[in-house]
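Each ligand, and each atom within it, is numbered from 1 in the order the structure gives. When reading the values below, keep in mind they use all heavy atoms of this one structure, side chains included, and skip hydrogens, waters and symmetry mates.
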Amino acid sequence: MARHFLSLYLLIVLTLGAVSWGQDKLWQAHGGQGPADDKRLVVALFAVDNQLHNVPTEQWKPLIARLAAKAGVGLELFATADIVGRETLDKLKHGEVAYMQTGSATESWALKQLNEDYVLALKSAEPDAQRGLLDWTLTLLFYAAIALMIMIWIWPLTRDLRTLENAAARFGRRNWVFEAGIKPRSQIYALAETFRKMAARIDGLIASHKDMSNAVSHEIKTPLSRMQFEIELAQQAQTVADVRKSLSHIKTDIAAIDDLVKATMGYAILERADMSLNIGTHNFTTLIPAIAEYVRRNARPEVRMRAAVQSGADKVVCDMHLLETVLKNLLFNAARYAKRDIRVSFNVHDGVNYLFVDDDGPGIPEKDRNRALESFVQLEQSSSKKTGFGLGLAIVKRAIEWHSGEVVISRSPLGGARIAASWPAILPGQPVPAHK
Ligand SMILES: Nc1ncnc2c1ncn2[C@@H]1O[C@H](COP(=O)(O)OP(=O)(O)OP(=O)(O)O)[C@@H](O)[C@H]1O
Ligand SMILES: [Mg+2]
């Protein structure tokens, strides 16, 4: 960790240093023959030039030496023959001020031609060329400070990423519990949340697979041992009628296993990560009463079913196959537990679809409400009356979750259980339903 931090820090310092050095070089190569914008040099050169023209040529040298000594500047008289560089010579010929660096490139001169033989040269200050150790140290400190600021900003990010990495590693090694403890104000909070949800989903999948294999083996064991017993009976049977009787029992047990396989498969499909929905718009004002009527016909005769669907609920966005499964599971449960009255209602409120199934039966105790939504959970254990496998509500929950919604169990105004399923009226990623 510290090594990574240090290497990143050095990288930033070096990059900043390299960029600044490169910028300097570029400026020297393209922008500056010399301090081209230094008008003062030009003025000085023209002033000296003017003064020299009133003096005979042979007095130029001593006069220039005197001037240089007096002003404390590098003022010299060069022979035109000593000036190199075509461009420089051209400029001088046209009476312009030109710039030249001496061989060591540490000095820069501003030049002005006086006559054919002589050129007046004024030394310009070259801060870069004389950059001292202090200067370099200060520059380095400046960049080091910038790099430090960047690192202070990056530090919590690096720390949180490491925490997340550790949590992910622990998740794999240990009992599928993901605990990273990344604070909401962290830059990677959203990432950690995605991880947490993914981990919870994996955890849920593992748990449900465990439940499923436990339940399946348990549910299969009873009919299997009954079948074994019936086969033995058939083997010892004296009459054809006895054999037929055993065969008929075996057939019932096979049907029970078949039901279990079908129910389990139906649930397993909903547990798959790659399930795709067949989303469409459906007219609930006719569909819900039709399904309610179908369930009523298959229920005890005293059961009364009422369907209250908000008028205008004719373009409800959902996967109808899944929603039909949801409705049938909820209504068959209600029909099993209701004394008499069942009410199914649907309405849309604030962009959310609400489906309620109410009954006047015993209801589901508060402590069991979450558990009842899990797979293979049946609350009353009287095995003599046992029907189903405890998959209905788990299927309902999963199907609604596929619609980005949720299922909540509460007490119904009718006195029994209320199962409320809600999901967004416009599903994320789905086109807004077209109004016909
Ligand atoms: N309307 C209801 N009133 C009272 N209890 C209910 C109601 N609906 C469900 N339950 C309880 O919740 C349990 C789970 O219901 P679920 O629909 O998941 O399974 P099941 O109906 O027993 O079997 P399956 O649906 O697989 O045929 C039921 O066993 C029952 O105890
Ligand atoms: Mg059920």
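The protein heavy-atom contact nearest to atom 10 (N) of ligand 1 is I364 CD1, 3.6 Å. Looking from atom 27 (O) of ligand 1 to the surrounding protein, the closest heavy atom is G388 CA, 3.2 Å. Protein heavy atom in closest approach to atom 18 (O) of ligand 1: L393 N, 2.8 Å. With hydrogens left out, the protein atom closest to atom 25 (O) of ligand 1 is G392 N, 3.0 Å, a heavy atom. Residue, atom and distance of the protein heavy atom nearest to atom 1 (N) of ligand 1 are D359 OD2, 2.9 Å. The shortest contact between atom 7 (C) of ligand 1 and any protein heavy atom is with Y337 CD1, 3.5 Å. Protein heavy atom closest to atom 26 (O) of ligand 1, with residue, atom name and distance, is L391 N, 2.8 Å. Scanning the protein for heavy atoms near atom 19 (O) of ligand 1, the closest one is G390 CA, 3.1 Å.
The existence of a salt bridge linking K397 and E401 is confirmed by a sub-4.0 Å separation between a basic side-chain nitrogen and an acidic carboxylate oxygen. At a threshold of 4.0 Å, the pair E230-R226 does not count as salt-bridged, since none of the basic side-chain nitrogens sits closer than that to a carboxylate oxygen. With respect to R296 and E293, a salt bridge is recorded, a charged nitrogen being found less than 4.0 Å from a carboxylate O. Salt bridge status for K339 with D360: absent, with no side-chain N to carboxylate O gap under 4.0 Å. Ion pair D368/R371 flagged as a salt bridge, since at least one NZ, NE, NH1 or NH2 atom sits closer than 4.0 Å to an Asp/Glu carboxylate oxygen.
For the pair L270 and W402, the tightest heavy-atom approach, listed with the atom from each and the gap, is O-NE1, 2.7 Å. Smallest separation of non-hydrogen atoms from G361 and D359: N-OD1, 2.8 Å.
Which parts of ligand 1 touch Q378 is read off a 4.0 Å heavy-atom cut-off, strictly below it: atoms 20 (P), 22 (O), 23 (O), 29 (O). Within ligand 1, the atoms closer than 4.0 Å to a non-hydrogen atom of F389 are 23 (O), 24 (P), 26 (O), 27 (O), numbered from 1 in the order shown. Ligand-side atoms of ligand 1 in range of N333: 8 (N), 9 (C), 15 (O), 16 (P), 17 (O), 21 (O), range being under 4.0 angstrom from any heavy atom. Numbered from 1 in the order shown, with element, the atoms of ligand 1 that lie under 4.0 Å from a heavy atom of V377 read 13 (C), 14 (C).
Ligand 1 does not have G416 within reach: every non-hydrogen atom of the residue lies 4.0 Å or more from it. Within the 4.0 Å heavy-atom cutoff, A263 does not count among the residues contacting ligand 1.
Note on the Mg ion (ligand 2): protein N, O or S atoms under 2.8 Å away count 1, no waters included.
In this structure, K328 forms a cation-pi arrangement with Y294, its terminal cationic atom sitting closer than 6.0 Å to the ring centre and no more than 45° off the ring axis. The side-chain tip of R343 does not point at the ring of F356 from less than 6.0 angstrom away and within 45° of straight on.
Residues T239 and D242 have side chains that bring a donor and an acceptor to within less than 3.5 angstrom of each other. Side chains of D314 and T285: a donor-acceptor N/O pair is absent below 3.5 angstrom, by distance only.
Contacts with ligand 1 closer than 4.0 Å are made by no heavy atom of I395, backbone or side chain.
Separation of atoms CG (L157) and OG (S186) is listed at 7.0 Å; rounding is to 0.5 Å. Expressed to the nearest 0.5 Å, how far CZ of F346 lies from CD1 of I288 amounts to 6.0 Å.
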